[in-house]
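Each remark here refers to the structure printed beneath this line.
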Amino acid sequence: MGDPDATRPGGAKGAGDALPPYALVLSDIDGTLLDPGHRLTDATRAAVRRVVGAGARFGLATGRMPSGTTGIVEELGVPCARICYSGAFVLDEHGDVVSSTTIDVGTAGAVLRVLHEGWPELEPCFFAGWHWYVEHPDHPAVARETAIVRARPERARLDELLARGVAPNKIFCSRSAGIVSSSVRIAQELRAAFPQLTVIRSSNGMMVEVVGARVSKATGARALLERMGIPASGCLAFGDDENDVELLRMAGRGVAMANAAADVRRAADDVTASNADDGVARYLLVHALP
């Protein structure tokens, strides 16, 4: 682990030469690229533009839906690939689908029943491709999520979506009454009932998400790298939470934020400053330019 301003050499893992620029930079959004107020700072915007201007490609690797990344892409002002739903839906810089992994409708229905019967106060979000569906858009947890991602859900009966054969890329519950205290048990019960699925609990306990088997940001990144013809050693990745661990391990260099959970920092090759202190920008300007 390095300090936020470290300039130690080393490119791909195990290399001892001066750090070369990376062909692809991937960054998580919340807790990483954005500041604690979920804003893109001028310093981060300028650093990303400099790196892309120098010849690298840039992508977002997030649990968010595609519409929740649109404003950030516009603010950055550079072409962005997008790994959404923690790896279950991947788009290239043109918005073309690289890969899409869904939960079959029968299993998705069973997941929703477990959530409804055990935690009726939660409002599950149902993500399918470009769509974000909820049954109660005015639910406090949905309103909070809407404010953060700057996107609006579509109202729908989730059982009717399943009956029509709409399979979700992700099922998600965020902070509402009881989820922080219950999220460990929610995740445990879902993992026990659905060992074929991937269940992710955020470090702060505010979110639980369910995606397909063996789906992760790393699997999404591999699909994107294959499409781009870039080896994993040519990827620099940033993250702060549990769903970033496999991505940081897979990348040529994985960088955790200072505000990341301890196990995320342990999984990384290096640590940069926190998202409150422009950690991504500071690292890019030292390590990702020719």
Side-chain angles (χ1 to χ4, degrees), residues 61-69 82-92 95-120 122-137 139 141-142 145 149 151 153-174 176 179 182-202 207-224 226-227 242-247 250:
T62 179
R64 291 189 183 198
M65 70 296 290
S67 59
T69 68
R82 287 174 279 182
I83 298 168
C84 299
Y85 306 139
S86 296
F89 193 62
V90 182
L91 305 169
D92 66 15
D96 295 329
V97 177
V98 175
S99 66
S100 177
T101 305
T102 57
I103 304 168
D104 70 84
V105 294
T107 303
V111 170
L112 291 170
R113 284 193 295 275
V114 168
L115 291 172
H116 178 70
E117 292 170 4
W119 298 273
L122 299 182
E123 178 66 18
C125 296
F126 185 110
F127 298 102
W130 292 85
H131 299 279
W132 171 19
Y133 298 109
V134 297
E135 294 194 342
H136 304 100
H139 189 283
V142 176
E145 195 69 17
V149 304
E154 303 168 53
R155 184 192 293 270
R157 285 280 304 271
L158 303 189
D159 57 349
E160 292 179 357
L161 291 173
L162 294 172
R164 286 167 30 208
V166 179
N169 294 99
K170 184 174 87 165
I171 295 171
F172 169 86
C173 295
S174 65
S176 62
I179 193 171
S182 303
S183 61
V184 170
R185 189 159 61 90
I186 294 171
Q188 287 175 341
E189 290 200 16
L190 290 174
R191 287 170 183 149
F194 306 100
Q196 74 275 32
L197 300 180
T198 301
V199 179
I200 303 163
R201 174 184 174 271
S202 64
M207 295 178 289
V208 175
E209 59 184 15
V210 183
V211 292
R214 295 178 295 281
V215 169
S216 69
K217 290 185 182 181
T219 63
R222 290 189 186 99
L224 185 61
E226 183 177 356
R227 172 69 63 90
E242 302 293 340
N243 63 351
D244 297 309
V245 167
E246 291 188 40
L247 173 65
M250 180 278 303

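All residue numbers in this chain count up from 1 along the given sequence. Only heavy atoms go into these numbers, but all of them, side chains included; no hydrogens, no water, no symmetry mates.
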Using the rule given for side chain to side chain contact (heavy atoms under 4.5 Å, CB included), can you reason through F194 versus V199, listing the C-alpha separation, both sets of side-chain angles and the distance that settles it, and then say yes or no?
CA-CA 9 Å; F194 306 100; V199 179; 5.8 Å; no
Are any side-chain N or O atoms of [X] and backbone N or O atoms of [Y], one a donor and one an acceptor, separated by less than 3.5 Å?
X	Y	answer
E242	R201	no
E209	K170	no
S100	F89	no
K217	L247	no

Find out whether [X] and [Y] are in side-chain contact, i.e. whether some heavy atom of one side chain is under 4.5 Å from a heavy atom of the other.
X	Y	answer
V97	L91	yes
L115	I171	yes
L190	L197	no
W119	E189	yes
I186	C173	no
E123	V134	yes

Atom pair [atom1] ([X]) and [atom2] ([Y]), whose distance is rounded to the nearest 0.5 Å:
X	Y	atom1	atom2	value
I103	L112	CD1	CG	8.5 Å
I200	M207	CD1	CE	10.0 Å
E135	L161	CD	CG	8.5 Å
R214	E246	CZ	CD	11.5 Å
R164	R157	CZ	CZ	12.5 Å
D244	S86	CG	OG	8.0 Å

If you look at every heavy atom in [X] and [Y], which pair is closest and at what distance?
X	Y	value
G95	R82	CA-NH2, 4.4 Å
P137	P153	CB-CG, 4.4 Å
A108	L162	CB-CD2, 3.9 Å
V208	S183	CG2-CB, 3.9 Å
I83	G220	CD1-C, 3.9 Å
M65	V149	SD-CG2, 4.1 Å

Among side-chain atoms of R64 and T69, is any donor-acceptor pair under 3.5 angstrom?
no
Exactly one of W132, F126, F127, W130 clears ring-ring contact (aromatic ring centres under 6.0 Å, His included) with Y85, and that residue is F127
Greater than 12 external heavy atoms within 6.0 Å of E154's CD
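Yes, CD of E154 has more than 12 neighbouring heavy atoms, counting only those of other groups under 6.0 Å.
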Count the heavy atoms of every other residue, nucleotide or ligand shown that sit under 6.0 Å from CZ of R191, and state whether that count exceeds 12.
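Atom CZ in R191 is crowded, with more than 12 foreign heavy atoms closer than 6.0 Å.
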Set of residues satisfying salt bridge (charged side-chain N to carboxylate O under 4.0 Å, His left out) with respect to R227, sequence neighbours excluded:
D92
